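First up is the structure itself, then whatever we jot down about it.
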Amino acid sequence: MKQSKLLIQTLRETPKDADVVSQQLMMRAGMIMKLAAGVYDYLPLAFRSIRKFEQIVREELERDGCQELLMPTVQPAELWQESGRWSFYGKELLRFQDRKGADFCLGPTHEEVITDIVRRNVRSYKQLPMNLFQIQGKFRDEIRPRFGLMRGREFIMKDGYSFHVDDADADREYWVMFNAYKRIFGRLGVKFRPVEADSGAIGGSFTHEFHVLAGSGEDAILSCDSCDYTSNIEKTEAPCLPVGNHGDGFKLKRDHFCTPGVIGQVEQAAGMKDATHNGMPLAQTSKFFLYRATFADESSKLVGAVLRGDHEVNPVKVKNLVGALDMEMMPLEEAEAFTGAKSGFMGPVDLKGVQMLVDKSLQGAFNLTCGANKTDYHHFGLDPARDLPGCTLADIRMAVEGEVCPRCGKGHYQAFRGIEVGQVFKLGIKYSKSMGCTYLDEQGKDQPMVMGCYGIGITRTVAAVVEQNYDKDGIQWPWPVAPYHVHLLNLDPSNPEVNEVATRLEQELEAAGFEVLHDEREGMSPGAKFKDADLLGFPLRATVGAKGLKDGVVELRDRRTKEVRKFKPEEMVAEVSAARDRILQELREAGGR
RNA sequence: CGGGGCGUGGCUCAGCCUGGUAGAGCGCUCGGUUCGGGACCGAGAGGUCGGAGGUUCGAAUCCUCUCGCCCCGACCA
């Protein structure tokens with residue numbers, strides 16, 4: 001490919017609204033352009049990388065017998081009403097009407113459509129299992145799109161769905177997909193981790209997210225340094241860390257103390273072992289949160305969470321524990337009206353109609369302090385077991401880096417940041433049941449199919465690859481998803497000899513199966529071409545110039561190691577092949593973990 | 001949704017406070033000199049100053065409304 005004909009405009013300056021590295025570099029490299037908030041053009045170079053990654057995904061999924069199909073982006077409301085999600089899916093679902101006033105939406109995901117397809121085409125257990133996938137544009141009207149391709153509103157996704165006769169077979173397929181995903185991300189040569197994740201209240205089954213590790217990742221991951229327990233912090237099991245009870249084992253009766261000004265000092269207070277404040281010992285504080293949880297049947301209830309003062313509540317755990325569909329903190333004014341105390345003096349005692357959850361690190365604790373639900377007063381001597389009848393003891397806190405892993409009891413949590421690029425999920429019969437996707441079993445009885453779903457964010461993965469592969473000069477594409485393999489720089493295109501050699505090398509390399517971008521643009525200084533080549537970041541850069549040819553040599557440079565080799569033009573194909581083999585070998589060794 | 005900021009040529013931005021001929025650098029076109037890490041000279045093309053309304057002799061600039069974009073927040077009871 002001749003670069004003079006390529007649709008590309010590299011930028012010397014960073015566009016001002018690009019806030020993450022992948023977005024900055026891909027915009028500067030002329031790969032993507034922003035069309036609207038969270039909506040991007042994928043220009044030819046980016047599209048090549050996208051297509052290459054899609055191809056990897058296809059190959060690995062087809063190895064496991066998955067079938068590719070393509071569903072429409074526009075979906076009728078009826079299907080969503082059938083599954084019940086038309087009303088539950090929030091504002092992320094972009095809805096609109098056609099000229100007749102019929103409701104439609106842009107598909108953010110395709111459970112409804114695929115379930116409809118399968119229920120109309122599959123009747124017998126003999127046809128199962130079946131695993132179908134598509135690669136397609138999705139639209140989710142995010143509250144706040146950001147981070148370029150990593151959190152766009154429109155993006156390309158691989159979504160796959162499997163259908164099974166029973167739970168056991170769905171579980172089997174889950175692990176088949178789990179391993180397929182490990183191969184897929186392994187082939188990219190990026191550092192990634194499969195991560196145990198929150199599966200939400202529905203189904204309650206297990207799920208893994210696949211994360212590409214990158215400092216700019218939106219998700220926090222904790223990984224045990226001894227066993228292989230790795231999980232999203234939303235889900236990470238927190239070890240039980242009981243407080244030593246204050247008061248030498250004397251269980252005090254609960255009483256309240258005037259403590260004006262003790263607000264928002266829980267953290268500090270908890271750190272001061274023997275400190276007192278207005279006569280109130282602060283060694284053992286508790287903190288308290290009030291939530292309103294809403295459920296699938298549109299009912300709602302109040303939920304209270306009680307934790308050690310120095311611990312952080314994990315709202316996802318609280319939400320799942322009560323089985324809520326959605327949960328939010330009670331607005332301050334409402335909470336003040338409900339408890340009768342100003343912020344800083346609310347507490348869990350004697351609140352009616354509140355499901356009370358107590359973090360398990362408070363098991364056996366007594367003599368705790370807590371808000372007294374009376375402004376300027378705190379209780380001292382709180383004993384959850386005694387004072388909070390009907391409370392549930394559970395893990396509701398956020399685990400923290402460095403804590404002992406409760407799974408193996410030996411290792412400690414290490415923290416990572418990750419970009420979620422894939423997820424495998426067991427759906428169960430949520431959709432097949434509500435939408436009547438059934439099969440006839442061997443007894444001729446109607447049974448709902450058990451489903452699994454499997455997603456990979458294609459465009460997000462490509463961005464994540466960039467997040468993990470760049471230096472100050474530009475991108476460093478891993479071979480498998482590089483837009484081109486070789487950037488052939490023709491430094492003197494007006495020099496007939498140089499031009500002849502460069503053109504011949506382009507043809508030879510392409511004949512040998514390499515993808516070559518030949519920079520034969522005229523009137524550009526060598527420096528400018530080098531800068532552009534670094535920015536675009538193809539794995540290999542071949543240089544042909546008058547200066548080199550005078551000595552009978554051309555050059556090959558590795559974008560990553562910056563190693564340069566000089567040799568005769570006729571050795572180019574062999575040199576590129578050798579470099580490719582070496583790069584792919586290193587990639588295999590680095591792949592996976 | 002709450003708070004803050006920004007909309008001026010393809011990109012980065014100045015001009016606005018204090019109203020009076022729309023600017024710079026990069027990029028683009030043409031000519032020339034250069035030519036191994038973003039060269040230089042000269043000549044050009046390209047802008048309803050996001051949009052609407054208002055104030056004024058006169059608005060990129062002041063006022064009102066509106067649209068778009070960006071950032072922060074939306075867990076410490």
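Note that this is a predicted model, so its numbers are computed, not measured. Chain A is the first sequence line, chain B the second, and so forth, proteins listed ahead of strands; every chain is numbered from 1.
Contact annotation for A/Lys34: backbone-only contact, meaning every heavy-atom pair under 4.0 Å involves sugar-phosphate atoms and none involves a base. Residue contacts shown for A/Gly371 are absent, as no nucleic acid heavy atom lies under 4.0 Å away.
By the side chain to side chain donor-acceptor pair (under 3.5 Å) test, A/His518 pairs with A/Asn490, A/Glu506, sequence neighbours left out. A/Ser216 is linked by a side chain to side chain donor-acceptor pair (under 3.5 Å) to A/Glu467, counting only residues two or more places apart in sequence or in another chain. The side chain to side chain donor-acceptor pair (under 3.5 Å) search around A/Trp477 returns none, not counting sequence neighbours.
For the pair A/Val306 and A/Leu388, the minimum side-chain heavy-atom distance is below 4.5 Å.
For A/Ser231 against A/Val195, the heavy-atom pair with the smallest separation is C-CG1, 3.2 Å.
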Reading nucleotides 23-35 of chain B 5' to 3', which nucleotides get B (base under 4.0 Å from a protein heavy atom), which S (sugar-phosphate only), which -? --BSS--------
Mind listing the N/O atom pairs, protein and nucleotides 2-6 of chain B, below 3.5 Å?
{"unit_1": "B/C6", "atom_1": "O2'", "unit_2": "A/Lys16", "atom_2": "NZ", "d": "3.2"}

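Contacts of residues 548-564 of chain A with RNA chain B (heavy atom under 4.0 Å): A/Gly548, A/Glu555, A/Arg557.
Using a cutoff of 4.0 Å between basic side-chain nitrogens and carboxylate oxygens, A/Glu575 and A/Arg565 are scored as salt-bridged.
Base pairing analysis places B/A59 opposite nothing; no Watson-Crick or G-U wobble pair with both distances below 3.5 Å involves it.
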